Amino acid sequence: MILDDLNTEQRNAVTQTEGPTMIIAGAGSGKTRTLTYRIAYLMQQGVSPYNIMALTFTNKAAREMQERIVQLVGVNAKGLLMGTFHSIFAKILRIDGERIGYSRNFTIYDDDDSKKLIVDIVKSLNLDDKNYKKGRILSRISNAKCALFSPEDYAKRSDLIALDEQQHIPLLYKVYDIYQRRLRQAMAMDFDDILFNMNVLLRDCPDVKEKYQKRFQYILVDEYQDTNYSQYLIIKKLAEYYKNICVVGDDAQSIYSFRGASISNILNFNKDYPNARTFKLEQNYRSTKNIINAANSVIAKNERQIKKTIWTNNKEGDFVHFRTLSSDREEASWISDKIKELLDTGEKGGEVAILYRTNSQSRSFEDSLRLKNIPYIIYGGTSFYSRKEIKDAIAYLRLVVNNDDDEAFERIINYPARGIGQTTMDKLKIARETLGISLYKVAFTLSYDNPFNINTKAINTLRDFCTMIQSFSLRVEKDDAFTLGEEIIKRSGLRTTLATLRELEDKDRLENLDEFISGLQSFVENNEENIIDALTGEEIDITNKTLDVFLQQISLMTSTDTQEEEDNSQVKLMTIHAAKGLEFNNVFVVGLEENLFPSTMAFAARDDIEEERRLFYVAITRARKILYLTSAQMRYRYGDTTFTEPSRFVQEIDPKYLVYDKQEEESTLPRFVFNNRTKEKPILSLRHNALTEKKQKPQLNLSKPYSTLGNKTNLTPKSKPTIEDGEWRLADIEEVESNLTVKHSKFGIGIVLYTEIVAGDKRAKVDFGSQGERMLILKFAKLQVRK
DNA sequence: ACTCCTTGGGTTTTT
DNA sequence: CCCAAGGAGT
């Protein structure tokens, strides 16, 4: 019986399946276990998995839970709907979104797409981009959406408008409005739209609401403390009929308020459901007493929280260590040594984690671990899918699936180069504005005598392009993702272009592109048993593995989701955010300095400091046995050395559980800290060097040309005629011979070394003596030639 | 129209 | 330091 694995409180939380339930689960208290057992228990009680929905925040969490449930109940889990908020609701919107005006092929814009769109809008409104910064605008819009304010709602809110005026972005409401219209026109949603539109769907289509209310007899929500209003309301509506809603969370681990998450949702659960049962899981099975006590003493400083006491039966364990190092490099180096020691005692690399506040901190650790031959893996950072060449490929696929996807269109219309440049693009945008249709439709339908002054040549190119895309679009439903995708990537010239380039990094890119293609292949060929569409219950066979399905799947993947082989020998590096839900025997929490952790951004409000503190709490509670905290007195930041103060959070730990490791007295010695990139330069003089180096740079050209001139004679420009000679004329002559003397407005007198024709353009290599050799394209270069 | 270079600005965390 | 955007060159 599965219940034997649970403690009393957990068991109660699992078996009391009816009615609203809140499980407050402290760190390490077996939260995931309880949740998965609850699901398994429901099925054992005869509930069909088809009637259960479990929502998580990350794909990884969903995947893990799915696996654990399969372990518990086997294939009976078929049909269970488990996934992230975004992925599940996006699926629902593909099925029922037509009711609110979205085709099933809608695109999901990622952050990049959204930002580009915003920049475009800000430009089109002639707003000053110093105030209207894309990141700020986007987060403002995002917050509005998560609070369910439509552009119309927003415009009516005098408080929001006033705030915008105060922040010198008075027209934000207008940007928001246009942003939404443009998304609509492109048949696209951003991440927040998925949730927003799900709300719209449930609001405007009672029959759809009823369908899902009746289907989801049991709803479970993981990490409930991280839900925003929009998510909260969806859940509330879906649970309205059966009211079998079970939320699991820990207010102390709420760390996503910057994304609109509101801790109030968990704090107010009992108000929404007065008859709700609350279970508190307070026994920690993960960490030593010292770690738990240290964590408790920190989180106690927060005011807003649900009272609970986390305790453990585990042994006392080692003290929490705190150590200050002289610099970030020292910090990395010292930790690497420490890790080496751990590995030497037989500890597995995978049981060691380095946790930091910001991604940029990873570099010094990478360098130092590599230097010491310690295998490591970095979680997060730039994802495979955000590499340029992959984004290009995806843009093609996206445009094929959804012709109205303007961001995709703009990205690839001239890549590979087709002669559609800024000028034509600007005109296309004006046409889009005037006609109110997507770029693709504009490009496909414009006549030769269009009022936008787009010339015949451009029109032909655009039509050719659209015809190509069209021919692929017609096959989306017929062909599988691999067959079609591979052909698109090859026929579009994407792969060929990359293959002709000869830089080292181009080779990597080509490899990435090929990897992407083989990703398409495995998507199609991978026919594991669990590939059934949990929402419709349909079995997805190979004929269903179309490009649109592939895109749906990858559009909600993040860097942490790119599945790699678990290699237990690798030390794990990640942000604290990424570490939530994970645990390790040994944890190093690094960079404990004011302005870094807590971050400068958090000083504005008490709430933000509390969130940083919760983040610190999350960091500490990842550790099972050994916990090291470190700070650096000097940190290389923004290309500059800054001096730091230790984080307040260290002092907040009850000293009973903490030991300050002695710091070696070395600070009086002259120290040479080396910059990561340019190892030969001491950091302290770097700024100075950088300046002088820049100044010298132009001079470098001075020494170059003569050696490359070879043995040609008669090349000394100095003796050549000057402007006044009157023997010069423009370079429109047919034959340009070698050894011809020419004059350039900028570079002065030069000698033609040779000419060639590249891509239809005649070019000449000219030696300008002290100005160096230049390759000039004759149709552009303002050259005068001696007859 | 494309490429290279400079410049300026910014950096929290992520579905 | 690192990126993105603008400018100048081809």
Side-chain angles (χ1 to χ4, degrees), chain A residues 55-62 83-90 108 110-112 115-116 119 123 129-130 133-136 139 142 146 190-195 223 226-228 230-231 255-261 356-361 363 380 382-383 414-415 417-425 458 555-561 574-580 591 595-602 608 611-612 614-615 618 635-641 675-678 683 686 690 694 697-698 744-747 758-759 761 763-764 766 774-783:
Chain A
L55 296 164
T56 63
F57 266 82
T58 62
N59 296 302
K60 201 167 124 211
T84 65
F85 281 83
H86 289 84
S87 73
I88 287 182
F89 298 144
I108 297 172
D110 66 18
D111 244 40
D112 265 14
K115 282 181 179 158
K116 279 186 182 151
V119 167
K123 260 187 205 150
D129 60 6
K130 290 251 159 46
K133 291 175 193 163
K134 55 178 191 262
R136 191 158 153 218
S139 89
S142 170
C146 293
D190 66 13
F191 291 131
D192 302 311
D193 282 337
I194 295 171
L195 306 173
E223 310 279 15
D226 286 332
T227 48
N228 59 38
S230 179
Q231 291 164 318
I255 55 175
Y256 282 106
S257 75
F258 68 91
R259 216 169 66 190
Y356 35 76
R357 181 67 180 82
T358 66
N359 274 312
S360 61
Q361 285 166 261
R363 168 159 297 151
T382 33
S383 115
N414 203 35
Y415 186 79
R418 308 184 164 82
I420 302 294
Q422 198 54 58
T423 323
T424 308
M425 202 57 225
S555 58
L556 291 169
M557 294 246 236
T558 61
S559 45
T560 39
D561 292 323
M574 66 189 92
T575 64
I576 300 165
H577 281 87
K580 194 166 75 151
N595 298 326
L596 179 59
F597 193 16
S599 147
T600 326
M601 310 285 176
D608 293 342
E611 176 142 322
E612 291 285 305
R614 290 193 294 269
L615 192 56
V618 168
R635 183 169 292 278
Y636 205 57
R637 250 184 134 182
Y638 313 144
D640 216 342
T641 310
N675 174 344
N676 291 333
R677 287 294 160 99
T678 47
I683 211 172
L686 183 70
K694 264 180 198 164
K697 211 166 182 180
H744 184 270
S745 58
K746 189 123 191 164
F747 305 122
V758 175
D761 289 330
R763 308 158 156 218
V766 183
R774 303 280 168 166
M775 178 63 81
L776 303 173
I777 295 177
L778 293 184
K779 76 177 177 194
F780 292 120
K782 295 185 180 67
L783 279 181

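A note on names: the letters A, B, ... follow the listed sequences, proteins ahead of strands, and every chain is numbered from 1. Keep in mind that what you see is a predicted model, and the values were worked out from it rather than measured.
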(message) Is there aromatic stacking of A:Tyr256 on B:dT13 here, judged by a ring-centre distance under 5.5 Å and a plane angle under 30°?
(response)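 Whether judged by distance or by angle, A:Tyr256 falls short somewhere, so it does not stack on the base of B:dT13.
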
When you check the phosphate oxygens OP1 and OP2 of [N], does a side-chain N or O of [X] lie under 4.0 Å from one of them?
X: A:Lys133; N: B:dG9; value: no
X: A:Asn414; N: B:dA1; value: no
X: A:Arg363; N: C:dC2; value: yes
X: A:Asn228; N: B:dT15; value: no
X: A:Thr423; N: B:dA1; value: yes
X: A:Thr575; N: B:dT14; value: yes

Can you tell me which nucleotide in [options] comes closest to the side chain of [X]?
X: A:Ala417; options: B:dC2, C:dA5, B:dG9; result: B:dC2
X: A:Ala578; options: C:dC1, B:dT14, C:dA5; result: B:dT14
X: A:Asn359; options: C:dC1, C:dA5, B:dT14; result: B:dT14

Nearest non-hydrogen partners of [X] and [Y], listed with the distance:
X: A:Ile576; Y: A:Phe597; answer: CD1-CE2, 3.4 Å
X: A:Lys130; Y: A:Lys133; answer: O-CE, 3.0 Å
X: A:Ile420; Y: A:Ala458; answer: CD1-O, 4.0 Å

Name the nucleic acid region contacted by [X], choosing base, sugar-phosphate or nothing; use a 4.0 angstrom heavy-atom cut-off, strictly under.
X: A:Phe191; value: base
X: A:Lys116; value: nothing
X: A:Gly419; value: sugar-phosphate
X: A:Asp111; value: base

(request) Name the residue closer to the 5' end of DNA chain B, choosing between A:Thr424 and A:Arg637 according to the nucleotide with the nearest heavy atom. (result) A:Thr424

(message) Need to verify one output field. Residue with the more 5' nearest nucleotide on DNA chain B, A:Phe85 or A:Ile420?
(response)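 The residue mapped nearer the 5' terminus is A:Ile420.
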
Whole Å only: how far is the [atom1] atom of [X] from the [atom2] atom of [N]?
X: A:Lys123; N: C:dA4; atom1: NZ; atom2: C1'; answer: 11 Å
X: A:Lys115; N: B:dT14; atom1: NZ; atom2: P; answer: 12 Å
X: A:Leu556; N: B:dT15; atom1: CG; atom2: C1'; answer: 7 Å
X: A:Asn59; N: B:dT14; atom1: CG; atom2: P; answer: 14 Å
X: A:Phe258; N: B:dT14; atom1: CZ; atom2: P; answer: 6 Å
X: A:Lys580; N: B:dT13; atom1: NZ; atom2: P; answer: 16 Å
X: A:Gln361; N: B:dT13; atom1: CD; atom2: P; answer: 9 Å
X: A:Asp112; N: C:dC3; atom1: CG; atom2: P; answer: 13 Å

(message) Which residues pass the side-chain hydrogen bond (donor to acceptor under 3.5 Å, both in side chains) test with A:Gln361, not counting sequence neighbours?
(response)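 Result, side-chain hydrogen bond (donor to acceptor under 3.5 Å, both in side chains) vs A:Gln361: A:Thr358.
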
(message) Run the salt bridge (charged side-chain N to carboxylate O under 4.0 Å, His left out) test against A:Asp226 and tell me which residues pass, sequence neighbours left out.
(response) A:Lys580

(request) Quick one: sort the A:Phe258 and A:His577 rings into parallel, tilted or perpendicular, breaks at 30° and 60°. (result)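 It falls in the perpendicular class, over 60°.
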
